[in-house]
Number of protein chains: 2
Amino acid sequence: MVEEQDEKILAELQKDGRATNQQLADTVGMSTSACWRRVRALEESGVIEGYSALVKREAAGFATSAILHVSLERHDTTFVDEFVARVMQRREVLECFATTGDADYHLRVVVRDMDAYNKFLDEFMFRIPGIRHVRTNVILKEIKTGVALPF
Amino acid sequence: MVEEQDEKILAELQKDGRATNQQLADTVGMSTSACWRRVRALEESGVIEGYSALVKREAAGFATSAILHVSLERHDTTFVDEFVARVMQRREVLECFATTGDADYHLRVVVRDMDAYNKFLDEFMFRIPGIRHVRTNVILKEIKTGVALPF
DNA sequence: TCCATTTTGGTAAAATCTACCAAAATTGAG
DNA sequence: CTCAATTTTGGTAGATTTTACCAAAATGGA
């Protein structure tokens with residue numbers, strides 16, 4: 001489905017999401033029209049889900065972030081669906097993964113300051129029904145925050 | 001430093017990193033030239049670190065991912081710097097955070113399959129000097145993988 | 001208030017995007 | 001292998017967008 005030439009395109013568009021079609025065509029060794037059509041196909045088929053500006057967190061005023069380990073009391077669809085639905089619409093929750101291991105879920109949360117984080121816990125997280133346990137791991141340092149798949 | 005109008009621009013460029021300057025100017029209510037200059041300033045000052053295409057992981061052939069909890073034996077700069085340097089150049093490691101809590105670091109790793117993950121552990125992770133403990137939490141489901149700061 | 005500085009909106013040339021075309025490459029059946 | 005059907009390619013041109021410049025408006029410090 002995704003061929004080698006597509007991977008080159010994807011790799012390049014991950015590195016520079018605003019590369020012009022001509023730059024792209026050059027770096028992957030295609031004509032502009034062929035390249036443009038493949039990009040379009042990747043977008044329409046949903047392989048490319050979108051494009052985003054990557055904004056420097058501290059510069060934008062988000063000083064605090066944490067990784068939360070969350071466990072649920074029970075794993076009925078009712079509880080799980082409710083949890084997922086709530087997490088999806090909270091924009092402070094950048095990431096959420098269901099994982100093996102001690103916790104059911106790993107969440108990454110980004111907020112402006114500790115006050116906002118405390119509020120997030122009290123007014124959102126602790127009010128989700130069926131939460132058994134929440135452990136906060138404050139992020140001391142962001143070593144790496146990548147989005148590019150390792151083609 | 002980052003004003004309200006800049007936040008609007010950043011929010012929009014996070015949602016659509018390829019929005020044309022005209023679209024942007026419309027949605028934030030500015031003239032195209034003023035808008036364009038602000039975007040340029042945000043890029044040059046480093047508030048916008050770049051742009052990236054967001055690629056659907058499974059469609060691109062990366063079936064397996066995990067969150068690793070890593071602890072070091074000692075926390076001398078020598079060991080820490082070595083760990084950080086190695087992690088930085090491994091493209092399978094999409095994210096790495098130094099955190100409070102039981103583990104020193106949280107890593108998110110993305111690979112094509114379990115074989116590749118096993119190889120990643122054996123040939124990379126377990127060979128980093130000064131590693132005390134590595135716990136793998138396999139990602140069963142990606143509930144949410146966002147990059148947009150919650151302006 | 002007044003002057004200096006910054007930010008703004010408008011404009012036009014250069015660059016880019018995007019939809020078309022015919023030609024080339026690929027595929028599959030006989 | 002051959003040939004026709006289908007897909008993919010490169011080239012082109014009009015429409016759109018980017019980008020550098022200008023004078024006017026807004027800002028803010030003394």
Side-chain angles (χ1 to χ4, degrees), chain A residues 1-63 112 146-151, chain B residues 1-63 112 146-151:
Chain A
M1 195 115 246
V2 173
E3 293 149 52
E4 192 189 323
Q5 229 153 11
D6 288 326
E7 291 202 352
K8 280 194 198 170
I9 290 176
L10 293 172
E12 186 58 24
L13 282 178
Q14 283 188 149
K15 276 199 290 195
D16 180 5
R18 289 204 75 133
T20 67
N21 187 51
Q22 304 189 338
Q23 287 176 281
L24 250 191
D26 274 357
T27 56
V28 306
M30 262 191 263
S31 73
T32 55
S33 41
C35 183
W36 184 77
R37 235 176 289 103
R38 290 191 98 99
V39 171
R40 198 167 186 278
L42 289 166
E43 290 170 351
E44 291 184 347
S45 67
V47 175
I48 295 177
E49 297 179 323
Y51 299 88
S52 183
L54 306 177
V55 179
K56 187 180 251 168
R57 189 182 46 75
E58 325 98 88
F62 294 89
R112 297 203 172 265
V147 295
L149 299 172
F151 286 109
Chain B
M1 195 116 245
V2 173
E3 292 149 54
E4 192 189 322
Q5 229 152 11
D6 289 325
E7 291 203 350
K8 279 193 198 171
I9 290 176
L10 293 171
E12 187 58 24
L13 282 178
Q14 283 187 148
K15 276 198 290 194
D16 180 6
R18 289 202 76 133
T20 68
N21 188 51
Q22 304 189 336
Q23 289 175 280
L24 250 192
D26 274 357
T27 55
V28 306
M30 262 192 262
S31 73
T32 56
S33 42
C35 183
W36 184 76
R37 236 177 288 103
R38 290 191 98 99
V39 171
R40 199 168 186 278
L42 289 166
E43 289 169 353
E44 291 184 348
S45 68
V47 175
I48 294 177
E49 297 178 322
Y51 298 88
S52 183
L54 306 176
V55 179
K56 187 180 250 166
R57 187 183 46 75
E58 325 99 89
F62 295 89
R112 295 201 174 268
V147 295
L149 299 172
F151 286 110

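A, B, ... follow the sequence lines: proteins, then strands. Residue 1 opens every chain.
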Atom pair CD/CG of Gln23(A) and Asp16(A) - distance to nearest 0.5 Å: 6.0 Å

Selection: residues 35-42 of chain A, any non-hydrogen atom under 4.0 Å of DNA chain D: Arg37(A), Arg38(A)

Rounded distance [0.5 Å steps], CD in Glu4(B) versus CZ in Phe151(B): 12.0 Å

Axis-to-axis angle between the two ends of the helix from dT1(C)-dA30(D) to dG30(C)-dC1(D) (five base pairs per end, rounded to 10 degrees): 50°

Rounded interatomic separation in angstrom, taking CD from Glu3(A) and P from dA25(C): 17 Å

Spacing of NZ belonging to Lys8(A) relative to CG belonging to Leu10(A), to within rounding of 0.5 Å: 12.5 Å

d(CG, Leu24(A); P, dC17(C)) in whole Å: 9 Å

Heavy-atom pair of closest approach, residues Glu7(B) and Val2(B): CG-CG1, 3.9 Å

Atom pair distance, as rounded to whole Å: CD in Gln5(B) and P in dT6(C): 19 Å

Listed pairs under 3.5 Å, donor-acceptor, residues 33-42 of chain A side chains, sequence neighbours left out:
unit_1   : atom_1 : unit_2   : atom_2 : d
Ser33(A) : OG     : Ser31(A) : OG     : 3.4
Arg38(A) : NE     : Asp6(A)  : OD1    : 3.0
Arg38(A) : NH2    : Glu3(A)  : OE1    : 3.2
Arg40(A) : NH1    : Glu44(A) : OE2    : 3.1

Side chain Ser33(A) and base dG10(D) donor-acceptor under 3.5 Å: yes

Interatomic spacing from CD1 in Ile48(B) to CZ in Arg18(A) - rounded to 0.5 Å: 8.5 Å

Between the protein and nucleotides 15-17 of chain D, list every N/O to N/O distance that falls short of 3.5 Å.
unit_1  : atom_1 : unit_2   : atom_2 : d
dT17(D) : OP2    : Gln22(B) : OE1    : 2.6

With Thr27(B) via side chain to side chain donor-acceptor pair (under 3.5 Å) - residues at least two apart: none

For residues 50-58 of chain B, tabulate all N or O donor-acceptor pairs below 3.5 Å that involve a side-chain atom, not counting sequence neighbours.
unit_1   : atom_1 : unit_2    : atom_2 : d
Tyr51(B) : OH     : Glu43(B)  : OE2    : 2.6
Ser52(B) : OG     : Gln14(A)  : O      : 2.9
Arg57(B) : NE     : Glu142(B) : OE2    : 2.6
Arg57(B) : NH1    : Phe62(B)  : O      : 2.5

